[in-house]
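Report on the following structure.
Proteins come first, then strands; the chains are lettered A, B, ... in the order of their sequence lines, and each starts at number 1.
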There are 2 protein chains.
Amino acid sequence: MTAPQDARTGLLRADRHSEAQLRSIAAALNLFADHGVSGTSFQMIADATGVTKAAVYHQFKTKDALVLAVAEVALGPLEAALDTAEAEPSRTRARAVLLTRVIDLAVERRRWVRALQGDPVMVRLLGSHAPFLDLIHRVYALLLDQDADRASNVRTAIVSAAIGGAIVHPLVADLDDETLRTELMAVTRRLFDLPDTARKQDPARSRSS
Amino acid sequence: MTAPQDARTGLLRADRHSEAQLRSIAAALNLFADHGVSGTSFQMIADATGVTKAAVYHQFKTKDALVLAVAEVALGPLEAALDTAEAEPSRTRARAVLLTRVIDLAVERRRWVRALQGDPVMVRLLGSHAPFLDLIHRVYALLLDQDADRASNVRTAIVSAAIGGAIVHPLVADLDDETLRTELMAVTRRLFDLPDTARKQDPARSRSS
DNA sequence: GTCTATATGAAGATAGAC
DNA sequence: GTCTATCTTCATATAGAC
C-alpha cells in the first residue's frame, strides 16, 4: 500500500474533492444513514458541518451531484478490493479474496451500507451511472460462473445479497464487529464452498506484489 | 380460512380502514417502494388515486398516521403467519412453518419489502410502536433458542436477516417467484437445519396444477 | 470558501363549502 | 368523502458581497 496505486481508478479519486467537500460528504453519509437521501437537506448538512446552506451549494451544484459524490467516496474501497481480487491467479482465490474484503468493509462500515444499497434515490442514481454499473459488473463477473448451472448462480446471487441484508438488519445491530465478521465468513464459506484459506495465516503474508 | 379469524388480531384489522383509506394505503405502499417514505408526499398519493391532497388528509390526519396504517396493513399477513406457527405442537415445526410462510409472503410481495424493512422513517416509526415491537418479539422468541450457544443464535439472526436482504437485492430482481422461493427455502433449510417437511405434500392441497 | 439575502416551489396541514 | 382555498414551513437553488 506504500506505492501510489490510484493511477487508473476511474471511480474514486479522493483528491478530486476539496477538504470542504469531504467534510460535507462525511456529514451527508451519516445523515443519509439516519434519514435517507430524500430526508436529508442541504440545510441539515450545513448545520452538521457548521457552515451555511449556500456554502454547501458552492461545493455541490445540485443534490444529485452531492449524492453521487457520496457514493463515489463510499464505494472507493470496494473498487480497491476488486482490483486486489482480480489480481489473484485463480478464480477461486479471487472470489475468496473479494468476499473476505467485502465482508470486512461492510461490517466496519455497516452504519452506512443501508444508505448506499437500500435508499431508492441512491439506487436510481447509481443505476444510471456508468462507472458504478461497471463496478457492479466486475463484481458479478467474478462471483457468477458462466459454466455453472443456473441454480448454482441463483444461490450465489442469494448469498451475496444476503451479506448485504444481514449487515443492515437490526437483529445484528448490537453484535460486535468481530463476531459479525466471523459468523458472516462462516456462513458465506459454507454456502459458497470457499476454501478455508480465505484469510491467510502465513506470517509472510505473501501478497507478493 | 373460511372461518372469521380476525377476532383478536391486535395489529391489523382491515375493516378498521374505509375503502378510501385502503385505496390511499395501496397507492402509498407502491410509492414508498419507489421513492421511499420521505420521498412520497400526500400530493403524490392524491394524484395516484385521483383525488385531492385534502381528501387524503381527511383520511389520515398526519403523515405518521398514514405510514403506520401502511405498515399495519402490510404486516397483517405476518401476524397471521405467526398465529399459525405458534399453534404448531413442536418448536421445530413452528419454526419451519414460520420461515416457510415468511419466505412465501416476502417473495410474493418483495416489491414492498424494502419500503417496510429498509426505510429509515419506517424503521424509526415502527421502533416506537408497541404492537409492532410485540410482533417482532414473537418472531424472535420463536427463532432464537434460549438454551443454544451464542454462536448458534448469531447464525440464526444472520440467516433470518439474510432472507430479507436477498429478497430486496437487485441481483435477484429478475428471478421468477418460484425459483427465488425454492432457492431461499433450500438455503434456509441448509443453514437452519430444518426438517424437509416444511412444505406439506399432502395431495389434499396439491396446488401442483 | 463562506456569508447574507432572496426567489420559487413543494410539502405538511387546516378551514369551510358541497 | 371530496372539493377549493389558504397558511406556514421547508427544500432547492441563485446572486452578489467579503
Side-chain angles (χ1 to χ4, degrees), chain A residues 13-71 73 115 119-122 124-125 128-129, chain B residues 13-71 73 115 119-126 128-129:
Chain A
R13 289 283 300 278
D15 54 302
R16 303 208 84 168
H17 299 291
S18 69
E19 289 296 317
Q21 280 176 321
L22 289 176
R23 281 192 295 272
S24 289
I25 287 170
L29 194 48
N30 281 322
L31 289 164
F32 288 174
D34 286 345
H35 308 282
V37 174
S38 279
T40 301
S41 66
F42 274 47
Q43 184 63 60
M44 291 164 77
I45 296 165
D47 290 346
T49 53
V51 298
T52 62
K53 202 171 45 165
V56 183
Y57 268 104
H58 172 78
Q59 297 157 11
F60 305 98
K61 289 197 195 304
T62 66
K63 194 170 180 180
D64 274 6
L66 165 68
V67 174
L68 214 51
V70 168
V73 169
D119 191 283
V121 175
M122 186 70 80
R124 190 163 315 188
L125 198 63
S128 60
H129 182 61
Chain B
R13 289 283 301 278
D15 54 302
R16 304 208 83 170
H17 299 291
S18 69
E19 288 296 316
Q21 280 176 322
L22 289 175
R23 280 193 295 272
S24 289
I25 287 170
L29 194 48
N30 281 322
L31 288 164
F32 287 175
D34 286 344
H35 308 281
V37 176
S38 280
T40 301
S41 66
F42 273 48
Q43 184 63 60
M44 292 163 77
I45 295 164
D47 291 346
T49 52
V51 298
T52 61
K53 198 170 51 163
V56 184
Y57 267 104
H58 172 77
Q59 298 157 10
F60 304 98
K61 289 196 195 305
T62 65
K63 193 170 181 179
D64 274 7
L66 165 68
V67 176
L68 216 49
V70 169
V73 169
D119 191 284
V121 175
M122 188 69 81
V123 166
R124 192 164 314 187
L125 199 62
L126 292 186
S128 60
H129 182 60

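Between A:Met44 and A:His35 there is a side-chain heavy-atom pair separated by less than 4.5 Å. Residues B:Phe60 and B:Val67 have side chains not in contact (no heavy-atom distance under 4.5 Å, counting atoms from C-beta outward). The shortest distance between side-chain heavy atoms of A:Leu66 and A:Gln59 does not fall below 4.5 Å.
Rounding to the nearest 0.5 angstrom, the gap separating the CE atom in B:Met122 from the NE2 atom in B:His129 is 11.0 Å. Annotation: the span from B:Ser18 atom OG to B:Ile25 atom CD1 amounts to 8.0 Å, rounded to 0.5 Å. Between A:Ile45 atom CD1 and A:Leu31 atom CG the span is 6.0 Å, to the nearest 0.5 Å.
Rounded to whole angstrom, the span from the NZ atom of B:Lys63 across to the C1' atom of C:dG12 amounts to 9 Å. Atom-to-atom, CG of A:Asp64 to C1' of D:dA11 comes out at 14 Å; the value is rounded to the nearest Å.
Looking at residues two or more places apart in sequence or on another chain, you find a salt bridge (charged side-chain N to carboxylate O under 4.0 Å, His left out) between B:Asp34 and B:Arg111.
Remark: the backbone N or O of B:Thr40 is paired with a side-chain donor or acceptor of B:Lys63 at under 3.5 angstrom.
Near DNA chain C, meaning a heavy atom under 4.0 Å from it, residues 51-61 of chain A has A:Val51, A:Thr52, A:Ala54, A:Ala55, A:His58, A:Gln59 in order of number. Remark: A:Ser41, A:Phe42 in residues 30-49 of chain A come within less than 4.0 Å of DNA chain D through at least one heavy atom.
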